[in-house]
> 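Shown below is the structure under consideration.
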Amino acid sequence: MNLMTHSILENLNIMYIHTEDLECDLFYKSIKNYSINLFLYKEHSLALKEYNKEHIDLIITDINEEVFKFINEINRIDIYQSIIILSNKINNDYLMKAFDLHVDNYISRELSINIIYGKLEVIVDKLLRRKQNIRRRTILQSILNNQSGITLLTDFNTISFHSKSFLDFFNIKDLEEYSLIYDSVLDIFSTKEDYLYADTKEEFLKRYEQSKAIKKVVLLLKDNITPNTFHIHIDKIEDLEDEDLYLISLTNINIMQEQNIKITHKAYIDNLTGIYNRNKFEELFENELSKYKRYKQAFSIALLDVDYFKNFNDNYGHLIGDEVLRTMAKTIETNIRDIDTIARWGGEEFILIMPLTDTKGAKIVCENLRIKIAKLTHSKAGSITCSFGVTQIQENDCLHTIFKRADKALYEAKRNGKNRVEEIE
């Protein structure tokens with residue numbers, strides 16, 4: 001027996017079952033010298049009871065009618081268990097029956113001990129490679145199951161590996177249930193415009209390669225009902241001789257979009273009133289200014305200020321003052337035109353941008369708003385009024401210069417008695 005076989009046996013847990021007298025068993029006497037963990041049993045029923053107590057790498061057993069029942073029971077416990085039949089004579093009926101039960105090999109004791117060792121070495125080498133492959137598959141499956149997105153290893157027809165999230169998304173228990181619903185991986189992608197889909201693997205991969213990164217998106221239906229958008233990334237697994245396998249990674253963009261909405265909300269929405277804040281107004285203003293410079297599309301702005309707001313806070317407290325501001329914001333937002341936008345500038349000041357509107361038209365819009373606001377009555381603070389300062393965009397204007405004019409017009413409205421609209425050309 002060569003040194004390679006010696007080292008292989010030393011690292012294995014071997015269950016040896018022999019119902020005859022071991023004194024004449026030369027094979028047993030030989031391997032017990034090289035196997036550190038050799039478990040000997042004279043009855044198959046006892047070996048079966050002890051099987052789960054030890055991590056067995058290899059079972060070597062003699063053959064009789066009882067052994068087939070034993071093998072069946074072992075296969076129910078572990079379909080990957082390696083089993084070798086060792087017999088004094090090669091019985092063809094026993095041999096075929098053993099292989100039908102997925103026995104790894106059948107060795108005749110009539111062979112010389114060196115030939116037996118050689119066959120055993122090949123069998124053990126195969127066993128170790130199988131164990132290594134099983135471990136790799138287990139590690140790969142564990143990695144896939146810990147991915148936040150959906151991951152598939154596939155040739156686009158069948159799926160070799162998948163993350164647990166794949167089954168969870170489609171609410172299916174296994175690939176067998178998946179195959180009853182879909183004929184191929186391509187079938188999970190909805191055929192909607194602006195999303196990747198195709199009838200063949202070749203066409204899908206072509207469209208994927210030709211798409212820009214931002215356009216590499218697919219649409220999947222969760223539980224066959226709710227549409228979910230995913231970014232798709234495909235890597236071909238290289239160095240495979242017989243098949244083309246692809247690692248498909250799907251990242252749910254719906255989640256990213258929800259996060260973007262939250263970020264946008266924080267950046268552009270005023271927490272107190274729920275309308276746009278100063279940041280968003282400045283962005284809208286720059287957009288209108290750009291159109292004015294290119295197309296000479298006039299627009300106007302109005303600066304609004306709640307009259308006597310300090311009295312609300314001083315007499316009724318800041319909570320009442322906040323309620324007044326929220327009431328103001330809601331009233332303005334629901335009564336402006338579709339093309340107009342209101343934002344909170346700060347404190348009790350609001351700012352209104354009115355596209356495609358000159359000073360005359362802006363004054364009419366603001367006068368209508370003033371009347372609506374003047375009809376408001378707070379349950380504790382009483383009536384609410386507002387003053388307006390209106391101005392139109394001019395050549396060489398920027399936000400600072402146009403705001404300065406609107407602020408000056410607002411000052412005039414306050415000085416002239418409040419609850420009024422004043423404009424500056």
Side-chain angles (χ1 to χ4, degrees), residues 262 264-285 299-355 357 359-392 399-400 402-424:
K262 291 179 181 178
T264 300
H265 189 275
K266 289 182 179 180
Y268 290 142
I269 302 299
D270 177 61
N271 288 332
L272 177 63
T273 62
I275 63 174
Y276 285 136
N277 59 19
R278 183 168 177 170
N279 290 337
K280 183 62 176 180
F281 175 83
E282 290 178 353
E283 183 179 290
L284 294 171
F285 176 83
F299 69 94
S300 298
I301 69 168
L303 194 61
L304 298 67
D305 186 276
V306 181
D307 296 329
Y308 307 107
F309 183 73
K310 186 175 184 300
N311 293 340
F312 292 135
N313 284 334
D314 292 345
N315 297 332
Y316 304 102
H318 289 279
L319 292 179
I320 297 300
D322 289 347
E323 289 180 8
V324 169
L325 293 177
R326 282 194 288 266
T327 302
M328 266 275 299
K330 184 177 181 180
T331 300
I332 297 171
E333 190 175 34
T334 55
N335 286 281
I336 57 177
R337 302 173 303 176
D338 291 340
I339 62 172
D340 301 335
T341 303
I342 187 68
R344 186 182 179 199
W345 187 256
E348 69 272 25
E349 286 187 329
F350 297 81
I351 193 162
L352 180 66
I353 188 166
M354 296 164 278
T357 308
T359 306
K360 183 178 179 180
K363 188 172 182 180
I364 295 173
V365 170
C366 292
E367 183 62 26
N368 290 334
L369 281 177
R370 185 196 66 78
I371 295 171
K372 291 283 186 181
I373 294 168
K375 293 178 181 179
L376 294 175
T377 301
H378 189 273
S379 59
K380 291 185 178 180
S383 63
I384 303 170
T385 62
C386 187
S387 298
F388 293 74
V390 177
T391 191
Q392 179 182 332
L399 179 57
H400 174 73
I402 193 173
F403 181 85
K404 188 175 180 179
R405 289 199 309 277
D407 190 45
K408 185 177 180 180
L410 175 61
Y411 175 79
E412 290 297 320
K414 294 286 190 181
R415 191 170 67 89
N416 292 332
K418 301 182 177 62
N419 189 26
R420 59 185 292 114
V421 179
E422 294 285 354
E423 84 277 2
I424 292 180

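We use all heavy atoms of the structure for the numbers below, so side chains are in, but hydrogens, waters and symmetry mates are not.
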> Do you know the tightest heavy-atom contact between I424 and R405?
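Residues I424 and R405, closest heavy atoms: CD1-O, 3.6 Å.
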> Over all heavy atoms of both residues, which pair between Y316 and A381 is shortest? Give the atoms and the distance, please.
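The answer is CE1-CA, 3.7 Å.
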> Please name the pair of heavy atoms, one in R337 and one in P355, separated by the smallest distance, quoted to 0.1 Å.
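Nearest pair, atom of R337 first, then P355: NH2-O, 4.0 Å.
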> Show the atom names and distances, to 0.1 Å, of all donor-acceptor pairs under 3.5 Å that link a side chain in residues 326-334 to residues at least two apart or in another chain.
from, atom 1, to, atom 2, distance (Å)
T327, OG1, E323, O, 2.8
T331, OG1, T327, O, 2.9
T334, OG1, K330, O, 2.8
T334, OG1, T331, O, 3.2

> State, to 0.1 Å, how close S300 and T359 come at their nearest heavy-atom pair, and which atoms those are.
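Distance-wise, the nearest heavy atoms are OG-N, 3.7 Å.
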> Test I353 against every option in I342, I336, I301, I339 by the side-chain contact (heavy atoms from CB on, under 4.5 Å) rule and name the one that passes.
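Of all the options given, the one that passes is I301.
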> Do other residues, nucleotides or ligands put more than 12 heavy atoms under 6.0 Å from F403 CZ?
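Atom CZ in F403 is packed in, count exceeds 12.
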> Keeping the roles fixed (side chain from D407, backbone from L410), state whether a donor-acceptor pair exists under 3.5 Å.
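Answer holds: no.
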> Looking at every heavy atom in both N313 and G321, which two are closest together, and how far apart are they?
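Heavy-atom minimum between the residues: OD1-CA, 3.4 Å.
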> If you count the non-hydrogen atoms of other residues, nucleotides and ligands that lie under 6.0 Å from OH in Y276, is the total more than 12?
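No, OH of Y276 has 12 or fewer neighbouring heavy atoms, counting only those of other groups under 6.0 Å.
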> Can you name the side-chain contact (heavy atoms from CB on, under 4.5 Å) partners of N311, sequence neighbours left out?
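Applying side-chain contact (heavy atoms from CB on, under 4.5 Å) to N311 gives Y308, N315.
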> Looking only at non-hydrogen atoms, find the nearest pair between V390 and V421 and report the distance.
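Scanning both residues completely, I find the closest heavy atoms to be CG2-CG1, 3.8 Å.
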> How would you list all residue pairs meeting side chain to side chain donor-acceptor pair (under 3.5 Å) that involve residues 360-374, not counting sequence neighbours?
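Every pair satisfying side chain to side chain donor-acceptor pair (under 3.5 Å) with a residue in residues 360-374: K363-E423, E367-R370, R370-N419.
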> Determine the sole option in L304, D305, V306 for which the side-chain contact (heavy atoms from CB on, under 4.5 Å) test with E349 is passed.
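Per the side-chain contact (heavy atoms from CB on, under 4.5 Å) rule, the option paired with E349 is D305, out of L304, D305, V306.
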> Would you please say whether a donor-acceptor pair under 3.5 Å links the side chains of S387 and D307?
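Note: S387 and D307 side chains meet the donor-acceptor criterion.
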